[in-house]
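Step one of this worksheet: look at the structure below.
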Amino acid sequence: MTELSFNPEEKNRLFRLNMQILADAFSEHDQNVTFYSQNDRPCLEGIRLYKKGKKLYSRYVYLLQSADVDQTFLDYRDVDFIAVGRIDISCIHPSCPVIELKSGTDFLDAFELVQEIFAKYRQWDRRLQYALASEHPLDEMLLASLGLFGNPMFIHDTDFYILSCPRYVQGMTVWERDSRTGRSMVPLSLIHDFKADTEYLDTLSKKSPDLFSAEQRGYRILYVNLWNGSRYEGRICVDEIQSEIQEGNYLALEYLGQSIELAIKHKSLFYLSMGNDMDRFFNEYLDGTITDPQRILNYLYFLHWKQNDRYLCLRLETEQRDINMLSAAATLGHIETQIPTGHAFLYQNSIAVVVNLSYAHNTSSEVISSLAILMREGLLKMGASSEISDFMLVPQGYIQASAALDLGRKSDSMTWCYRFDDYLLEYLLKKGRAEIPPQLLCSEKLLLLKKYDDNNKTDLYHTAKVYLELERNVLQTAKELYIHRSTLFYRLERIRKIAGIDFEDSRERLTLRLSFYILEQKLET
């Protein structure tokens with residue numbers, strides 16, 4: 001058992017009941033109860049019998065007969081009463097909560113019931129305190145609480161991993177198993193539903209217990225968010241499946257949440273180390289901070305990968321470019337479920353994936369297709385590198401994937417995956433334009449020809465472009481330009497004389513084609 005260090009305030013924690021908990025208990029015992037409350041405070045530690053003239057304390061609830069109540073009760077402030085029989089409520093000050101039991105209720109039975117309630121909650125509180133020092137505090141706390149709430153309970157963290165669910169009940173959500181960690185988690189489809197649910201999104205900032213409607217799950221869920229300072233750490237949920245949630249459950253759940261927050265603070269329960277070493281390696285490798293080839297090869301040996309296997313790099317982002325989504329870890333798990341020969345991890349506010357294609361003899365297309373449903377449902381976009389045959393080039397492969405994603409998003413393409421091979425030309429020109437203006441990247445001969453057209457109202461620039469696009473096919477070019485072949489030959493000769501262009505030179509043809517592309521890109525920009 002781990003020894004924890006608590007400050008005096010934490011050591012002296014005590015669950016104090018409010019009158020709502022007592023009113024719920026009487027209602028459960030088929031008592032006809034009327035509850036008057038404008039100032040119900042969690043301050044009660046026990047029950048006392050009312051005696052006229054004796055000093056009353058706010059930490060006790062006082063049991064009395066309705067005949068005891070008279071005008072003198074208006075002098076009491078912030079005192080709680082249980083009255084057997086009907087009373088004149090105007091004789092009670094509004095600061096005093098009152099539970100009125102029906103006439104004929106046995107006085108001693110009422111006293112014993114309240115004592116039993118206090119004893120039950122003291123025992124529950126004691127079990128919570130013991131659980132704080134146990135090896136599995138979350139499971140121990142929920143097990144202690146199941147009878148109190150009368151419904152199944154579970155805890156999940158910010159990434160929807162199930163941290164504790166000590167008892168499964170028919171009707172609850174069926175958890176999925178994350179292939180990366182072996183842990184249970186909320187199904188990915190449900191996480192996506194939450195992401196689009198405004199009611200759920202509103203719950204993420206709540207500081208006190210609240211009720212989630214039955215609209216999505218078919219039953220209501222009482223929940224309280226868990227906080228570590230100002231940081232949201234997860235949530236306790238009570239599924240309303242076996243019995244109706246009571247108003248008094250709110251106070252008990254708030255206290256349970258505080259107990260679990262203590263465990264978070266003192267034991268760092270929500271830190272998941274699974275996969276962290278691998279994530280750290282890949283982050284440092286892509287950053288370029290790992291330069292020792294032997295260290296890289298050692299890690300490849302650990303992964304059972306080989307340096308010259310075939311690799312593919314992917315970069316995924318949401319359409320809003322905000323990867324801090326509700327389902328980040330769940331998405332990573334789902335990716336690795338679909339691609340067992342890859343590793344998915346968070347990198348620079350995106351999801352990065354490195355896939356070993358040789359391991360299962362996959363192709364790039366097969367890997368990309370396996371993520372289609374996830375991409376569509378998660379509103380994700382993806383950049384994909386070329387196939388890489390050396391693990392030492394993986395950081396450069398990720399640069400390819402990032403470039404493809406950035407260029408693809410700027411294009412008019414409606415697809416969800418952008419391959420680097422499809423944007424290679426754009427990438428080369430983008431890198432060139434970063435240091436040299438577009439007009440200085442073009443063929444000087446082509447610029448001269450364009451200037452001649454502008455000054456003389458001719459169409460030689462367009463003629464040269466079509467001629468090259470149609471692979472110097474005279475018949476097709478003449479047809480495309482709606483001119484005779486002899487006219488085309490005349491124009492080509494003028495192009496040669498004016499700009500000195502040699503269409504027979506393959507290198508010059510390539511330069512001209514690139515120059516046409518650069519000039520058109522500049523015009524579009």
Side-chain angles (χ1 to χ4, degrees), residues 180 275-317 323 331-332 335-336 338-371 375 380-411 413 415-435 510 514:
R180 287 162 23 100
N276 280 356
D277 289 341
M278 192 181 297
D279 290 356
R280 189 180 304 111
F281 167 79
F282 276 103
N283 270 266
E284 292 177 357
Y285 189 40
L286 296 188
D287 282 338
T289 55
I290 298 179
T291 57
D292 180 7
Q294 191 56 51
R295 181 181 174 191
I296 298 170
L297 292 175
N298 289 342
Y299 210 88
L300 279 178
Y301 180 79
F302 169 75
L303 292 173
H304 303 291
W305 291 357
K306 297 176 182 178
Q307 179 178 344
N308 295 118
D309 282 347
R310 296 180 298 113
Y311 294 98
L312 176 70
C313 296
L314 306 173
R315 177 183 170 191
L316 289 71
E317 286 184 351
I323 207 63
T331 303
L332 296 178
I335 290 171
E336 293 197 351
Q338 298 301 315
I339 313 174
T341 61
H343 181 64
F345 54 99
L346 295 179
Y347 178 68
Q348 294 182 347
N349 205 38
S350 299
I351 290 178
V353 188
V354 177
V355 186
N356 187 322
L357 298 172
S358 298
Y359 203 85
H361 306 291
N362 289 325
T363 65
S364 298
S365 296
E366 289 171 340
V367 169
I368 291 170
S369 297
S370 69
L371 299 178
M375 302 298 292
L380 293 162
K381 296 286 188 180
M382 178 169 68
S385 73
S386 305
E387 190 174 297
I388 302 163
S389 58
D390 187 345
F391 187 81
M392 297 299 180
L393 296 177
V394 160
Q396 288 72 35
Y398 188 72
I399 292 174
Q400 284 188 336
S402 298
L405 180 59
D406 292 338
L407 292 168
R409 292 181 110 152
K410 294 175 182 176
S411 69
S413 174
T415 62
W416 49 266
C417 178
Y418 311 110
R419 296 175 183 247
F420 182 75
D421 290 350
D422 296 331
Y423 293 91
L424 175 58
L425 181 57
E426 287 88 342
Y427 178 74
L428 292 173
L429 297 178
K430 179 183 176 183
K431 299 298 285 187
R433 289 197 301 262
E435 296 183 355
L510 176 61
L514 289 173

Distance-minimising heavy-atom pair for [X] and [Y]:
| X | Y | result |
| --- | --- | --- |
| Ser385 | Gly397 | CB-O, 3.1 Å |
| Tyr359 | His304 | CE1-O, 3.6 Å |
| Cys313 | Ala401 | O-CB, 3.5 Å |
| Ala384 | Ala404 | O-CB, 4.1 Å |
| Tyr423 | Ser411 | OH-OG, 3.3 Å |

With rounding to the nearest 0.5 Å, note down the distance linking [atom1] in [X] to [atom2] in [Y].
| X | Y | atom1 | atom2 | answer |
| --- | --- | --- | --- | --- |
| Leu357 | Thr363 | CG | OG1 | 7.5 Å |
| Ser364 | Leu314 | OG | CG | 8.5 Å |
| Ser402 | Tyr418 | OG | OH | 14.0 Å |
| Leu300 | Gln294 | CG | CD | 10.5 Å |
| Glu284 | Tyr299 | CD | OH | 10.0 Å |
| Leu371 | Cys417 | CG | SG | 9.0 Å |

Are any of the side-chain heavy atoms of [X] and [Y] separated by less than 4.5 Å?
| X | Y | value |
| --- | --- | --- |
| Met392 | Pro293 | yes |
| Val355 | Thr341 | yes |
| Leu425 | Leu514 | yes |
| Gln400 | Leu393 | no |
| Val394 | Leu286 | yes |
| Val367 | Val353 | no |
| Leu332 | Ile351 | yes |
| Glu387 | Leu312 | no |

(request) Could you give me the CA-CA distance, side-chain angles and deciding distance for His343 and Asp279, then say whether side chain to side chain contact (heavy atoms under 4.5 Å, CB included) is met? (result) CA-CA 9 Å; His343 181 64; Asp279 290 356; 2.7 Å; yes
Looking at [Y], is its backbone amide N or carbonyl O close enough to the side chain of [X] to form a donor-acceptor pair, meaning the two atoms are under 3.5 Å apart?
| X | Y | value |
| --- | --- | --- |
| Lys381 | Thr415 | yes |
| Asn356 | Lys306 | no |
| Ser358 | Arg310 | yes |

- Would you call the rings of Phe391 and Tyr311 parallel, tilted or perpendicular if under 30° counts as parallel and over 60° as perpendicular? perpendicular
**Asked** Quick one: are the ring centres of Phe282 and Tyr347 less than 6.0 Å apart?
**Response** no
Practice task
Would you please say whether a donor-acceptor pair under 3.5 Å links the side chains of Ser350 and Glu317?
Solution key: yes
Quick one about Ser386 and Asp421 (side-chain donor to acceptor, distance below 3.5 Å, no hydrogens or angles considered), yes or no? yes
*Look at Glu426 together with Lys410 and state whether they make a salt bridge at an N to O cut-off of under 4.0 Å.*
no
With side chain to side chain contact (heavy atoms under 4.5 Å, CB included) as the criterion, how do Phe281 and Ile290 come out once you've worked through the C-alpha distance, each side chain's angles and the decisive distance to 0.1 Å?
CA-CA 8 Å; Phe281 167 79; Ile290 298 179; 3.6 Å; yes
- Message: The test is side chain to side chain contact (heavy atoms under 4.5 Å, CB included); show your working for Phe345 and Val354 and say whether it passes.
- Response: CA-CA 9 Å; Phe345 54 99; Val354 177; 4.2 Å; yes
Side chain to side chain contact (heavy atoms under 4.5 Å, CB included), that's the test. Do Thr291 and Ile296 meet it? Break it down for me.
CA-CA 8 Å; Thr291 57; Ile296 298 170; over 6 Å; no
